[in-house]
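Quick note on labels: first sequence line is chain A, next is B, and so on, each numbered from 1.
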Amino acid sequence: MDISSWDGTISLAEFHVAARALVEKWKRVSSASPPWSWVSCPKQPWVASHEVSVEGYLSLENIILVSIKEEHDELLSFPQKEETSCSDKEESIDIATLSQSDRDEICYYDLHIVYSASYRVPVLYFRVYYSDGEPLEFEDIKKHLPAHSAKTLLDSKWTFITQEEHPYLKRPWYKLHPCGTGEWMKLLFQGDVSLARNGAAIEVYLISWLSFVGQVVGLRIPYEMLNQL
Amino acid sequence: MAGHDSGSILVFAQFQSAVDEGFWHRLSSLKLNKLGIDESPIPITGYYAPCSHPQVSNNLTLLAQSLPSESNEQSSTAATSRGNRNRCPIRGILYNTNTIESFHTLDKKSLLRAEAKKIWDDIHTGRAVEDSALLSRFLLISFADLKKWNFHYWFAFPVLVLDPPATLVDLMPASQYFSLEEAESVSAACNEWRNSSLTADVPFFLVSTDPNSHATVKHLKDWETCQSDGHKLLFGFYDPCHLPHNPGWPLRNYLALICVRWNLKSVRFLCYRESRGFADLGSSLVGEALITVPQGWRDHQSLPNAVGWEHNKGRQVPRSISLAKSMDPTRLAISAADLNLKLMRWRALPSLNLNALSSIKCLLLGAGTLGCQVARMLMAWGVRKITLLDNGRVAMSNPLRQSLYTLDDCLNGGEFKATAAVKSLTRIFPAVDAEGVVMAIPMPGHPVSSQEEDSVLEDCRRLHDLIDSHDAVFLLTDTRESRWLPTLLCANTNKITITAALGFDSFLVMRHGAGPFVSSHDFKVEAANASSAVENIAQADKDERQRLGCYFCNDVVAPIDSTANRTLDQQCTVTRPGLAPIASALAVELLVGILHHPQGIYAEGEVANSLTSESSEQPLGVLPHQIRGSLSQFSQMALVGHSSNSCTACCSTVVSEYRERGMEFIIQAINHPTYLEDLTGLTELMRSASSFKLDWDNETDPDEDDYVDI
């Protein structure tokens, strides 16, 4: 691939190739962490049938973030008042049940990598939620990102987080806006001569892309992922 | 406890629930589209997997696909097929109520017993041996408040209570219990079980170890085959709990099954837990429990006690979650609108001041062709506070050109425009703070009788207050004289004022200059130079010409109720339809320009291609004073006009007269239009210039060099 004339974008077919490469390499290199998996979405009946392959996205879910305590309790304070009106004690205390105090407020996050046909680049969609499913506000997410991630997020002119409807799940998710991706992917590849030379450039596209965007959401990419092999 | 002096009571950690947002979305959709008020129980599927993290227990999770799909629709996410090792399916039942009261008054005791009975039946009939996941059957009650997007819910994981409770002989990590060889073999066998799609999601199993330390994992129904001598048998199950000293909840019904079907009193169990996708014998536990089979357990008909309502922070109360942020359409509309503007700021205009736009209060005088378009454009820029003033009703011809109205607004004599406009704006964007004022603007040259005087005075005061309480005023009426009083009031309070006026195929959009009286802290540019002790300097004589003009500054006649010397407004009641949208759009863009200019209302009028370095630095471009456009030429030009000492609306004489005499002055001007001309000396001017035929369009005032005829 001729880097000099490339605009940093990839086709849908190339995205599939890159996705497969990411899944495989990730499984090989980082078996400790949960694997990326491909979620297929059946084509809508009105999509032209000559479209390449099945649509879908890469998914990494239920990653445990950090434990946060105080804020969540405050958020829940208003509905609690209603609950106490439930007067009956349904059960007598069962001695075989462990009484567990507040479990730490564990946060989970889900990451999806979806191909954007209009920008021709992958887009990172993510959401963060408490163990009871309640989603976190973006301001709270920022608070719990590692410091350097927050810095990358705020200072970089390439990163812009917006909340938009997930193209398949039809619910609001946060996403890293894709309009700058082509530009910085081009820069990333231009800066690495070995990438430009090897024909395997497409296969490392997603991995390189993830090494950057992952920082923004605090995802740790194992170093071995980035090695050319 | 009597008679069991060895072990302590076996204490189990409760199952923990986790509901994915998607579940509530799907339930809401089901309720709205299919179920309606039907309250019959809904079969659902929960999912869990063995614990995979040393500090965090695994949960029983509900996802969107936990609910049955809506009739003929194929769910867009692939239905979970069997064999997913991370999603062992567990049968459950959902009772969703229609009101919060019925939610609280559900008979929880009998609901729990009903589910416990199903488990009890499955144990006695042997079904639970065939399909062991039935042992972990669960119950969920809920109330979905689809107006506020709050979901109240409560899980129950029914378990049959052993009375007396089981006691623990010992409990230790599996790695301690097994020999090295055994451990290796058990791990391998478990991993095989977990990797095969036939067994990966079967949560209860048997581990049989032969005398050669070779272990095999089998289905529960193969229990008979594990009875050979020398074979050690462990009852294994996927344990969601991570705690080192307590087994997880599924073990409870498992023990019930074991003691009823196989009549064992001593049970060796394996709490199977994982790490990194593989069996982890360090965190997995092996223990031995002693069971005293209660009387009556032989009897299928007598159901033991059951417990299992999930504790919420240690208390037996339901939980609730608010999903308004991601489900309430109004909130979604607001964040989408904000997104649009933020994108603009991020990609094209970093100095865009979104706070200024969302906090500015705009008053629109006139809710007709211009008013409707200006209101829409303001909303598009993120302006949220809009007040529309108009005393007219929507007429049948209006909806075509006045973009906020539809036919419905014309019926029954027509709604008041101000009211209809507010409704329309709110339908477009629910978060707008729109207000309608039905009122006529008092006009000079339209004399009022003494009976009407009081109400006219009232209207004047009301207008004065409205202008006072807003930051920017748009003059969008269809007569020249109706612009006079607002112009005066705005000049008096130094408000940003924007005028739009239409001819048949030409338009004028302009911003009024600052008022004639400015206190030193308003006049930012010269603040450094002005002496701090001076207040309310009449910048009159020397600086009057420096102020940009208002709509009337170019006039040499006072506004009158006559068809002579017609202005743009009065020439036509019909205009080319394209004009109003163009003029309205320019008017709003002009306002945005003012808000972003460092000098705001005091900014100099700029002309396109100006060589002043300032304009090239402003990110939004030049900030003109006046824009005159012609549709017949498809042309437009930016012009500058300075204020006139004799302006009937904004000159210092008039404004100070108003300040001194207030409403009395206004009434006088209304009833005696020539009064204004006398006051400002226009009468004098006219007398001296009476040889000229003064037609507004062809005026050539030698002082106003900057003026160019269209």
Judged by modelled atom types alone, do A:Y129 and A:D110 share a side-chain donor-acceptor pair under 3.5 Å? yes
Checked B:A18, B:S326, B:A336 vs chain A; the most non-hydrogen pairs under 4.5 Å come from B:S326
B:L323 versus chain A, the contacting section by heavy-atom distance below 4.5 Å: side chain
Would you check, one step at a time, whether the test side-chain contact (heavy atoms from CB on, under 4.5 Å) holds for A:F126 with A:V213? CA-CA 11 Å; A:F126 64 97; A:V213 299; over 6 Å; no
Please classify the contact between B:L332 and chain A as side chain, backbone, both or neither, with a heavy-atom cut-off of under 4.5 Å. side chain
Quick check on A:E137 against chain B: is it the side chain, the backbone, both or neither that has a heavy atom closer than 4.5 Å? side chain
What option among B:E21, B:M327, B:R252, B:K325 has the most heavy-atom pairs under 4.5 Å with chain A? B:R252
Using ring-ring contact (aromatic ring centres under 6.0 Å, His included) as the criterion, list what pairs up with B:H245, not counting sequence neighbours. none
Nearest-0.5 Å distance that lies between atom CG in B:L60 and atom CH2 in B:W249: 13.5 Å
With only heavy atoms counted, which part of B:Y153 is less than 4.5 Å from chain A, the side chain, the backbone, both or neither? side chain
Would you name the heavy atoms of B:D280 and B:E274 that are closest together and state the gap between them? CB-C, 3.7 Å
Top of B:L343, B:L10, B:N246 for chain A proximity - count of heavy-atom pairs under 4.5 angstrom: B:L343
Heavy-atom cut-off 4.5 Å, strictly under: side chain, backbone, both or neither for B:L162 against chain A? neither
Most chain B-contacting option - heavy-atom pairs closer than 4.5 Å, from A:C179, A:G133, A:P135: A:C179
B:S57 and B:H242: which non-hydrogen atoms are nearest, and at how many Å? OG-ND1, 2.7 Å
Please name all residues satisfying ring-ring contact (aromatic ring centres under 6.0 Å, His included) with B:F12, sequence neighbours left out, ordered by chain then number. none
